[in-house]
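Worksheet: the structure to be examined is printed underneath.
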Amino acid sequence: MTKVASHDEISKSLKSFVEGYNRNAQLKAMNRDWNRTVLVQATDISSQHTLVLRDGELTLLEGTAGEADLTVTAGSDLLRDLFSGEITPTEPYLDGRLKVLGREEDIIRLDFISLMIWGE
Amino acid sequence: MKRVVSVSLGSSRRDHEVRTEVLGVPFEIKRVGTDGDLERAVALLQELDGRVDAIGLGGIDVFLYVDEHRYVVRDGERLLTAVRRTPVVDGSGLKNTLEREVVHYLAAHTDLLPPGTKVLMVSAADRFGMARALSEVGCDLIFGDLIFAAGIPHAIRSVEELRRLAHRLLPELVKLPFHLLYPTGKKQEEIDSEKAAKFEPYYREARVIAGDFHLIRRYLPERLDGQVILTNTTTPEDVALLRARGAGHLVTTTPVFGGRTFGTNVLEAVFVALLSKPLHEVTPTDYLTLLHRLQFKPHILPLAGDIDESGQP
């Protein structure tokens, strides 16, 4: 595992995350009521992406896109590993390597979603 | 006199102390809430260690059992390991046995749980025994774990789906601070009116609302229409609230001591104190034997009409 991931590597992980989500019909149905914008940004390289959840569909945009409901911040390697499903968010969130800003209930819900995509 | 203390992460406003006899043995049973303060709970547990006969941990689960799998809640484990000498239990050892018995009793001996009854269990991952028993007696189930813990409007409708989601989610969720998943401290004193309105259809669709009372209470709608509440740890104030909101019956799975029902952790601690054997040697059969010796039956309180709020008709 390298210490710094590139923007393209993060993009690839996020695409995989979005595909994993959109393949899961049950998860899409569960989130039909939850329209949120999530900004994902790296702390060690210039890299920003926006995940937009609308009516259950998740899309990925490069850069920022309006005001975010949740902001996910971490080192580039962590973001890459997190969104590719190599690691789960709980430990890095608890030890402070992963910061998620937003309403507590939104943070919990995002955690549930990521676990339902990748968790085993 | 045997002394049992329950240290709870719940509100100190629910503190209670009774003296009673259980199977001829005098007991002093006390509940101390720490208002969600984990550090205070640890300090209190260390202070009690070696000075009482058994300790219960309330307002938090340490172990979640889903079939043969046992998940350890990290915050709960921290409390458990603060105690070195006195037997300490969280109620999970007894819960499966007791609540299964209660469900089968209600189905066999009352008209409160006929086959096909629509039941909302506000959370089932912490009460898998009750969930399975309700399924076994033919209830039409909704498990609200995703709804009430994460705000995800997805009703889990079978034990199989519950099992699958539990195995997927619990290994990680048990690591989170417990207060993120469950109302502790002051949150136990407040009804979340906004969410109560949002979740109202789930309550109204059901004829029986089962599970953890703090969750039931936190999202209790303004008006029920005769539903049965199947739970424990209710105070006289809770009974008054349920009556005012229109619940039909309150069924509690633990005995009434001094006008209120304590949590399963308290009853398990009482049993452990009675058994006088090392905790690791205690089995579900020991608990079942004690329940039968106590001739234990669930406490069924009709809430319509003029009935004393302590639970005495």
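Small disclaimer: the values here were computed from a predicted structure and weren't measured. Every chain is numbered from 1, with letters handed out A, B, ... down the list of sequences.
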Atom [atom1] of [X]: over 12 foreign heavy atoms under 6.0 Å:
X	atom1	result
E67(A)	CD	no
R223(B)	CZ	yes
K12(A)	NZ	no

Is the closest side-chain heavy-atom distance between [X] and [Y] below 4.5 Å?
X	Y	value
W34(A)	I152(B)	no
D111(A)	L180(B)	no
D33(A)	K198(B)	yes

Are E91(A) and R74(B) close enough for a salt bridge, meaning some N to O gap below 4.0 Å?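 Yes, charged N to carboxylate O under 4.0 Å.
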Where is the tightest heavy-atom contact between [X] and [Y], given as atom of each residue plus distance?
X	Y	result
L169(B)	M116(A)	CD2-CG, 3.7 Å
P153(B)	M30(A)	CD-O, 3.3 Å
K175(B)	L94(A)	O-CD1, 3.2 Å

Pairwise distance CG(L181(B)) to CZ(F112(A)) - rounded to 0.5 angstrom: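 L181(B) CG to F112(A) CZ: 6.0 Å, rounded to 0.5 Å.
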Point-to-point distance, once rounded to the nearest 0.5 Å, from OG1 of T90(A) to CD of E172(B):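 That separation rounds to 3.5 Å.
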Start with the C-alpha gap between R32(A) and H154(B), add the side-chain angles, then the distance that decides, and say whether side chain to side chain contact (heavy atoms under 4.5 Å, CB included) holds. CA-CA 10 Å; R32(A) 271 199 298 261; H154(B) 175 76; over 6 Å; no
